[in-house]
Amino acid sequence: MPVINKIDLPSADPEGVRRQIEEVIGIDASGAILASAKDGRGIDAILEAVVARIPAPQGSSAKPLKVLLLDSWYDSYRGVVLLVRVVDGTLRQKQKIRLWAAGRDYEIVSLGAFAPFATEVGELGPGEVGFITAAIKEVADARVGDTITEASKPCDAPLPGFQPAKPMVFAGIFPTDPARYEDLRDALDKLRLNDASFSREPEVSAALGFGFRCGFLGLLHMEIVQERLEREYNLDLVTTAPTVRFRIVLRNGDVVDLDNPAKFPVEGEIDHIEEPMIAAVIHTPPEFVGGLLKLCQERRGTQTGLNYAGEKRVIIRYDLPLTEVVFGFYDRMKSVSRGYASLDYEPKGYQPADLVRLDLLVNGDRVDSLSAVVHRETSYIKGRDLCIKMKELIPMQQFEVAIQAALGSRVIAKTVVKALRKNVTAKCYGGDITRKRKLLEKQKEGKKRMKQVGNVEIPQEAFLAILKVE
């Protein structure tokens, strides 16, 4: 039922929007309702069309209870509140219900509907939408899309289409002050009361100390969680470069899901590696098509379609590796299109790829939090650029610091942060050259001894440097 809103604006073009709806979405927009919420035009027509065009629910109150869970949120006083739609049967107060996916039984404490404010009701029948509370403590038990049925007389099968939320992007979150590790853990626990779609598990890094490896639904979800932790819980955090979940098939036939590059198996044990793919759809004005096609090709994309939707819009379809989208793809897309292009994507399974683990060594010690899984063809360029970026960020020490990028035991790029030098011969005027040599040799021995016991402190900015490497 197409509705064209904001027709009160001076720039409104209802006829142009009708054509776009037909070309892009593929539905007949000749009967689209013109409306403006600002001045009230078309509101009555929308309500009448809902009654006339949308069929009534087909459920039966005589069948076993079958309820669709639409949404859930956490209330400090009532626990988890479930927003539901009754498909079959009848929901009543004090009724014992079962959450199908979680496999847990609860007793309904309160039952209500929004009209438009929350109002308690005695029962909800087929086709009706309302909310229930049942003293549920964990939002993770109330999964959106799950089926709710009666505990004593359950339905035969759940409603089709339910899939549990699976994290797609992973990153390490560490407190800048190690003493605030407990605060970070408590903040993550509280955040999970309202958002059960991200996962967390403890992680230890040699460079960053104790923290958590968290899984998110996407990059936007990761940024939202990070911002909430910093603003609502007053935490100062270091977030490592995001990565995705790879599927590694070992020579012995075992399949390993890997979301942390530091746990990458030995190369000799790997048969092949599969990376997650996405089906990306980019909407852009025609003048930016060339630059966006070049960007997608650079990111190892495979073009699956290119359609012109009217005179001012082009729809580009590409299959892209998710790992290439994680690292700066969105920013580059906005730069190439001057902010006009928009991106939408959905998961598209796994595909074999020639991937390797890129390690960063500082004075021979591997920094596990800066490891990344990259394509073999681009590994040298990324390793070189990462070394150059790290050289800018690591401050000079009293001794020389070697920064190396390595694939396994093979070093592919190297740069050096020169040592701070004191002019020990400044006060040595005249005399034999051996006097100066003696002082320089003494300084050299001291720096060599210092290098053996000295530690290089890596600043927080260095862990974000890998995001800026193209």
Side-chain angles (χ1 to χ4, degrees), residues 57 59-114 118-168 170 185-202 212-217 221 224-225 228 245 257 259:
S60 170
S61 58
K63 293 182 179 180
L65 182 66
K66 187 182 287 186
V67 179
L68 175 65
L69 202 162
L70 299 173
D71 197 5
S72 64
W73 61 90
Y74 188 80
D75 186 276
S76 302
Y77 300 100
R78 298 186 293 176
V80 179
V81 182
L82 309 179
L83 183 64
V84 298
R85 175 187 181 273
V86 181
V87 178
D88 289 319
T90 305
L91 269 177
R92 299 183 180 86
Q93 292 193 3
K94 304 298 181 181
Q95 190 176 23
K96 288 197 174 181
I97 57 172
R98 176 173 298 165
L99 300 178
W100 195 286
R104 297 192 179 181
D105 296 349
Y106 297 95
E107 183 178 315
I108 295 177
V109 176
S110 62
L111 181 67
F114 293 100
T119 306
E120 290 210 6
V121 297
E123 62 180 35
L124 290 174
E128 293 185 317
V129 175
F131 65 89
I132 59 176
T133 62
I136 302 172
K137 303 299 182 186
E138 295 287 337
V139 176
D141 289 347
R143 304 174 188 177
V144 175
D146 193 9
T147 301
I148 300 174
T149 186
E150 193 170 2
S152 58
K153 293 185 291 183
C155 55
D156 296 332
L159 293 164
F162 170 71
Q163 288 184 348
K166 293 182 180 178
M168 297 290 291
F170 299 84
R185 186 181 63 186
D186 294 342
L188 286 171
D189 288 342
K190 291 176 182 176
L191 202 59
R192 276 182 60 82
L193 292 174
N194 288 307
D195 184 1
S197 57
F198 80 92
S199 61
R200 65 143 179 100
E201 61 180 24
F212 292 91
R213 188 79 181 172
C214 298
F216 308 93
L217 299 179
H221 188 209
I224 290 171
V225 171
R228 288 191 64 184
R245 174 171 283 166
D257 286 336
D259 54 44

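All values below were derived from every heavy atom in this structure, side-chain atoms included, with hydrogens, water molecules and symmetry-related copies excluded.
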* **Pairs touching residues 96-106 that satisfy side-chain hydrogen bond (donor to acceptor under 3.5 Å, both in side chains), sequence neighbours left out** => R98-D105, R104-D141, Y106-D141

Please tabulate, one pair per line, all N/O donor-acceptor pairs under 3.5 Å involving side-chain atoms of residues 126-136, not counting sequence neighbours.
from	atom 1	to	atom 2	distance (Å)
E128	OE1	G125	N	2.6
T133	OG1	S110	N	3.4
T133	OG1	S110	OG	2.4

* Asked: For atom CG of D257, is the number of surrounding heavy atoms from other residues, nucleotides or ligands below 6.0 Å larger than 12?
  -> yes

Please report, to 0.1 Å, the donor-acceptor pairs under 3.5 Å made by any side chain of residues 76-92, with sequence neighbours excluded.
from	atom 1	to	atom 2	distance (Å)
D88	OD1	S60	N	3.0

* For the residue pair T119 and F114, establish whether any side-chain heavy-atom pair is separated by less than 4.5 Å. => no

* Where L69 and D71 come nearest, the two heavy atoms and their spacing -> CD2-O, 3.4 Å

* Asked: Heavy-atom distance under 4.5 Å between the side chains of K153 and P64, does that happen here?
  -> no

* Passes side chain to side chain contact (heavy atoms under 4.5 Å, CB included), R185 versus F212? Steps please. -> CA-CA 8 Å; R185 186 181 63 186; F212 292 91; 3.6 Å; yes

* Pairwise distance CD1(I97) to OG(S152) - rounded to 0.5 angstrom -> 12.0 Å

* Structure fact -> One should read off an interatomic distance between L99 CG and S72 OG, to the nearest 0.5 angstrom, of 10.0 Å

* Hey, could you give me the CD/CD1 distance between E150 and I108, rounded to the nearest 0.5 Å? => 9.0 Å

* Asked: About how many Å separate NZ of K63 and CG of L65, when rounded to the nearest 0.5 Å?
  -> 13.0 Å

* **Spatial distance of atom CZ (R245) from atom CZ (F170) [nearest 0.5 Å]** => 3.5 Å

* To do: Verify, without hydrogens or angle tests, whether T147 (side chain) and L159 (backbone) share a donor-acceptor contact under 3.5 angstrom.
  => yes

* Structure fact -> Exactly one candidate in K94, E120, Q95, Q93 meets side chain to side chain contact (heavy atoms under 4.5 Å, CB included) with L111; the answer is Q93

